[in-house]
Amino acid sequence: MTARIVENRETKVNLKRNEWLKIGLKTALFSILSVLVIQAIALAIWPEIALFKPLDSYPRSVLFTLVPAIGATGVFAWMAKHQSQPVKKFIILSGILLLLSFIPDYALPLEGKTLLGSSVAAFMHLAAGIVTVTTIITGYRNRAA
């Protein structure tokens with residue numbers, strides 16, 4: 001009987017600042033677009049959710065998607081430079097932060113909050129998180145190749 005050892009080695013790549021900037025801008029754009037599309041569709045289907053403050057403003061959604069997307073890019077850039085297995089660690093960290101981001105949608109006593117409104121906001125977080133993490137990692141790996 002033979003044992004097979006599978007080793008996961010991430011190639012360490014040091015990208016220049018302008019490359020990280022491009023990844024961050026692309027990430028922000030894709031994440032914002034995904035959130036705005038979801039918000040528009042949800043508001044068209046359930047107009048009453050606009051009474052929930054987090055869902056009543058497209059500019060607010062842009063801001064609350066832009067800042068985490070740029071921040072996530074910065075965090076990953078730091079991890080890529082200073083950590084072993086940055087992709088794996090970034091996915092784990094992102095998953096934890098995504099789960100924590102659901103708490104305010106359901107727990108904060110905001111005016112107009114309903115289970116539906118909170119769920120739509122949480123789904124927007126999920127979509128932004130998936131798009132953000134995927135775009136950052138894909139951009140990093142493409143530049144590494």
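Source: prediction; values computed, not measured. Numbering of residues begins at 1 and proceeds along the displayed sequence.
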Can you measure from [atom1] ([X]) to [atom2] ([Y]) and round to the nearest 0.5 angstrom?
{"X": "Trp78", "Y": "Gln83", "atom1": "CH2", "atom2": "CD", "value": "4.5 Å"}
{"X": "Leu99", "Y": "Leu126", "atom1": "CG", "atom2": "CG", "value": "9.5 Å"}
{"X": "Met124", "Y": "Leu36", "atom1": "CE", "atom2": "CG", "value": "7.5 Å"}
{"X": "Phe30", "Y": "Thr134", "atom1": "CZ", "atom2": "OG1", "value": "11.5 Å"}
{"X": "Phe64", "Y": "Ser101", "atom1": "CZ", "atom2": "OG", "value": "12.5 Å"}
{"X": "Asp105", "Y": "Leu55", "atom1": "CG", "atom2": "CG", "value": "8.0 Å"}

In one Ile/Leu/Val/Met/Phe/Trp/Tyr side-chain cluster, 4.5 Å: [X], [Y]:
{"X": "Leu97", "Y": "Ile103", "value": "yes"}
{"X": "Leu110", "Y": "Val120", "value": "yes"}
{"X": "Phe123", "Y": "Leu115", "value": "no"}
{"X": "Ile130", "Y": "Ile137", "value": "no"}
{"X": "Leu25", "Y": "Ile32", "value": "no"}

Using only atom types and a distance under 3.5 Å, with no angle test, would you say the side chain of Lys81 pairs donor to acceptor with the backbone of Asn14?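 Flag not set: sc Lys81 to bb Asn14 has no pair under 3.5 Å.
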- Message: Using only atom types and a distance under 3.5 Å, with no angle test, would you say the side chain of Lys89 pairs donor to acceptor with the backbone of Ser84?
- Response: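 Flag set: sc Lys89 to bb Ser84 pair under 3.5 Å.
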| said: For a side-chain contact (heavy atoms from CB on, under 4.5 Å) check, start with the C-alpha distance between Ile23 and Leu15, then their side-chain angles and the critical distance, and finish with the verdict. | reply: CA-CA 10 Å; Ile23 291 170; Leu15 301 182; 3.8 Å; yes
For side-chain contact (heavy atoms from CB on, under 4.5 Å), just list the numbers for Ser118 and Phe102, CA-CA rounded to whole Å, side-chain angles, deciding distance to a tenth of an Å, and then say yes or no.
CA-CA 9 Å; Ser118 293; Phe102 295 154; over 6 Å; no
request  = Go through the steps to decide whether Glu48 and Leu116 satisfy the test side-chain contact (heavy atoms from CB on, under 4.5 Å), and finish with yes or no.
outcome  = CA-CA 10 Å; Glu48 67 275 9; Leu116 177 60; 4.0 Å; yes
_Residue pairs, two or more places apart or on separate chains, that pass side-chain hydrogen bond (donor to acceptor under 3.5 Å, both in side chains) and touch residues 51-77_ =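 Only Gln39-Ser61, Asp56-Arg60 qualify under side-chain hydrogen bond (donor to acceptor under 3.5 Å, both in side chains).
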How would you list all residue pairs meeting side-chain hydrogen bond (donor to acceptor under 3.5 Å, both in side chains) that involve residues 25-36, not counting sequence neighbours?
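Only Ser31-Thr132 qualify under side-chain hydrogen bond (donor to acceptor under 3.5 Å, both in side chains).
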- [ ] Enumerate the residue pairs fulfilling salt bridge (Lys or Arg N to Asp or Glu O under 4.0 Å) with a member in residues 14-25, sequence neighbours excluded, ordered by first and then second residue.
- [x]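 Non-adjacent pairs meeting salt bridge (Lys or Arg N to Asp or Glu O under 4.0 Å): zero.
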[X] to [Y] - nearest heavy-atom pair and separation:
{"X": "Pro104", "Y": "Leu100", "result": "CD-O, 3.4 Å"}
{"X": "Ala69", "Y": "Ala28", "result": "CB-CA, 3.7 Å"}
{"X": "Ala128", "Y": "Val35", "result": "CB-CG2, 3.6 Å"}
{"X": "Phe90", "Y": "Ala72", "result": "CE1-O, 3.6 Å"}

According to the interplanar angle, ranging from 0 to 90°, do the rings of Tyr140 and Phe76 count as parallel (below 30°), tilted (30 to 60°) or perpendicular (above 60°)?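 Perpendicular.
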